[in-house]
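Structure record follows, encoded as structure tokens.
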Amino acid sequence: MTSVFRDDILRGHVALITGGGTGICRGIARAYLAHGARVCVVSRRQEVIEAAAKDLSEETGGEAIGVAADVRQPEAIAAAVAATLERFGRLDTLVNGAAGNFLAPAAGLSSNGFRTVVDIDLCGTFNASKAAFEALQAAGQGLILNISATLHYHGTPLQIHASAAKAGVDAVTRNLAVEWGPLGIRVNAIAPGPIGDTEGMKRLAPGELGQRLAAQIPLRRYGTIAEIADAAVFLRSRAASYVTGAILVVDGGQAVTTVGFV
Ligand code: HXC
């Protein structure tokens, strides 16, 4: 489908996108490239991320590189920022999308399981934000875009680890918006609801559970990766130049429904 945004709306921009090899963040990478940005996608496995960058470049005609790094390791994500600067000379946008998740009852979840998800989602967001800070400040109109969730707005069964991590991501979003706004960096988040064709939803709501979930969403369907990518283009664009500290919920109204009334 044709974009609602002008094709060159992100020309000159450079973005680093963690988790950009798959799912929602690959969709954001594709949209940024299609609108003129150059993009470094980051994920843990070298062969996966290199193949993703190649495919993204071919699909969009844009310039993408893939760098392997684990956001849990501050030096590794700092090296990915350095590689982006070396290749593209600047960094305007950091998308913190790397995330881990699985369904687990709290009583059966190990400390290490809890810590692993908090480490990836929350500490990874902090690590990458710090690593990108100087470059984003130097860019003059830097943006950090965190991929959050709506899990923690209520208690969500089997998701204590991811809910705690994403609540932390929201806190990081607001704190960095306050601290780094005066330095010219906007910090926002997108909180997607259930998005089809993602690893997350395949794991979290397989089969019939997924259909029941979709029937309870006010818009009566899952969202699409393209709908999250559109929100990410908007938040990067000049149309959002006065938006910071915001958590944009893109969930078909799921988080505002009352259970049992639909
Ligand atoms: C219980 C589990 C588990 C599971 C892992 N662990 N999977 N516990 N149930 N299914 C525990 C392990 O037993 C171990 O604890 C600890 O977690 C670390 O596991 P490792 O496999 O050693 O860690 P690692 O290789 O770093 O992998 C971490 C991972 C990751 C989180 C499991 O591989 C992963 O999730 N990959 C999928 C990525 C993904 O789905 N991303 C989309 C996220 S969607 P012990 O105690 O045994 O050592 C998302 C959206 C949320 O975030 C909102 C949706 C609406």
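Every number for a ligand or one of its atoms is a count from 1 in the order of the listing. Positions are given from 1, in the same order as the sequence printed here.
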Inset, instruction - Give yes or no for whether the N/O distance cutoff of 3.5 Å, strictly under, is met between Asn112 and ligand 1. - result: yes
Inset, instruction - May I ask whether Gln159 places a heavy atom under 4.0 Å from ligand 1? - result: no
Inset, instruction - May I ask which of Ala99, Gly97, Gly113 has a heavy atom nearer to atom 52 (O) of ligand 1 than the others do? - result: Ala99
Legend entry - Protein non-hydrogen atom below 4.0 angstrom of atom 16 (C) of ligand 1 present: yes
Legend entry - ligand 1 contact on Gln254 by region, counting heavy-atom pairs under 4.0 Å: neither
Inset, instruction - Just go through Ala165, Ser110, Gly200, Pro194 and tell me whose heavy atom is the nearest to atom 47 (O) of ligand 1. - result: Ser110
Legend entry - Shortest protein contact, atom 54 (C) of ligand 1 (heavy atom only): Leu204 CD1, 3.4 Å
Legend entry - Nearest-neighbour protein heavy atom for atom 31 (C) of ligand 1, which is reported as residue plus atom name and distance: Gly100 CA, 3.8 Å
Inset, instruction - Check whether any side-chain N or O of Gln254 sits under 3.5 Å from a backbone N or O of Leu213 as a donor-acceptor pair, and report yes or no. - result: no
Inset, instruction - Identify the protein heavy atom lying closest to atom 1 (C) of ligand 1, giving its residue, its atom name and the separation to 0.1 Å. - result: Phe102 CE1, 3.5 Å
Inset, instruction - Measure the distance from atom 36 (N) of ligand 1 to every protein heavy atom, then report the residue, atom name and distance (to 0.1 Å) of the closest one. - result: Arg203 NH2, 3.9 Å
Inset, instruction - Find out whether Ile144 and Leu176 are in side-chain contact, i.e. whether some heavy atom of one side chain is under 4.5 Å from a heavy atom of the other. - result: yes
Legend entry - Numbered atoms of ligand 1 (with element) below 4.0 Å of Glu199, judged on heavy atoms: 40 (O)
Legend entry - Given Lys54, Arg87, Arg11, the one that forms salt bridge (charged side-chain N to carboxylate O under 4.0 Å, His left out) with Glu63: Arg87
Legend entry - Side-chain donor/acceptor of Arg186 to backbone N/O of Leu235, under 3.5 Å: yes
Legend entry - Side-chain (Asp121) to main-chain (Gly100) donor-acceptor, under 3.5 angstrom: yes
Legend entry - Sub-4.0 Å protein heavy atom near atom 41 (N) of ligand 1: yes
Inset, instruction - Is it possible for you to say whether Val71 and Ile24 belong to one hydrophobic cluster, with membership spreading through side-chain heavy-atom contacts below 4.5 Å? - result: no
Inset, instruction - Report the nearest protein non-hydrogen atom to atom 53 (C) of ligand 1: residue, atom name, distance rounded to 0.1 Å. - result: Leu151 CD1, 3.7 Å
Inset, instruction - Look at the side chain of Asp251 and the backbone N and O of Ala255, then say whether any donor-acceptor pair between them is shorter than 3.5 Å. - result: yes
Inset, instruction - Verify the contact flag for atom 21 (O) of ligand 1, where contact means a protein heavy atom under 4.0 Å away. - result: no
Legend entry - Check: Ser43 side chain, Gly19 main-chain N or O, donor-acceptor pair, under 3.5 Å: no
Inset, instruction - For Arg72, counting its heavy atoms only, list the atoms of ligand 1 lying under 4.0 Å from any of them. - result: 26 (O)
Legend entry - Side chain to side chain, Leu136 and Trp180, heavy atoms closer than 4.5 Å: no
Legend entry - Backbone N/O of Asp70 and side chain of Arg44: donor-acceptor pair under 3.5 Å: no
Legend entry - Minimum-distance protein heavy atom relative to atom 50 (C) of ligand 1: Asn101 ND2, 4.2 Å
Inset, instruction - Write out the residue and atom name of the closest protein heavy atom to atom 25 (O) of ligand 1, then the distance separating them to 0.1 Å. - result: Arg44 NH1, 3.7 Å
Inset, instruction - State whether the side chain of Thr125 and the backbone N or O of Asn96 hold a donor-acceptor pair below 3.5 Å, judged by distance alone. - result: no
Legend entry - Test item: protein heavy atom less than 4.0 Å from atom 7 (N) of ligand 1: yes
Inset, instruction - May I ask you to decide if Ile147's main-chain N or O and Lys166's side chain share a donor-acceptor pair within less than 3.5 Å? - result: yes
Legend entry - Nearest protein heavy atom under 4.0 Å from atom 10 (N) of ligand 1, yes or no: yes
Legend entry - Protein contact of atom 18 (C) of ligand 1 - nearest heavy atom, named by residue and atom, plus distance: Thr116 OG1, 3.3 Å
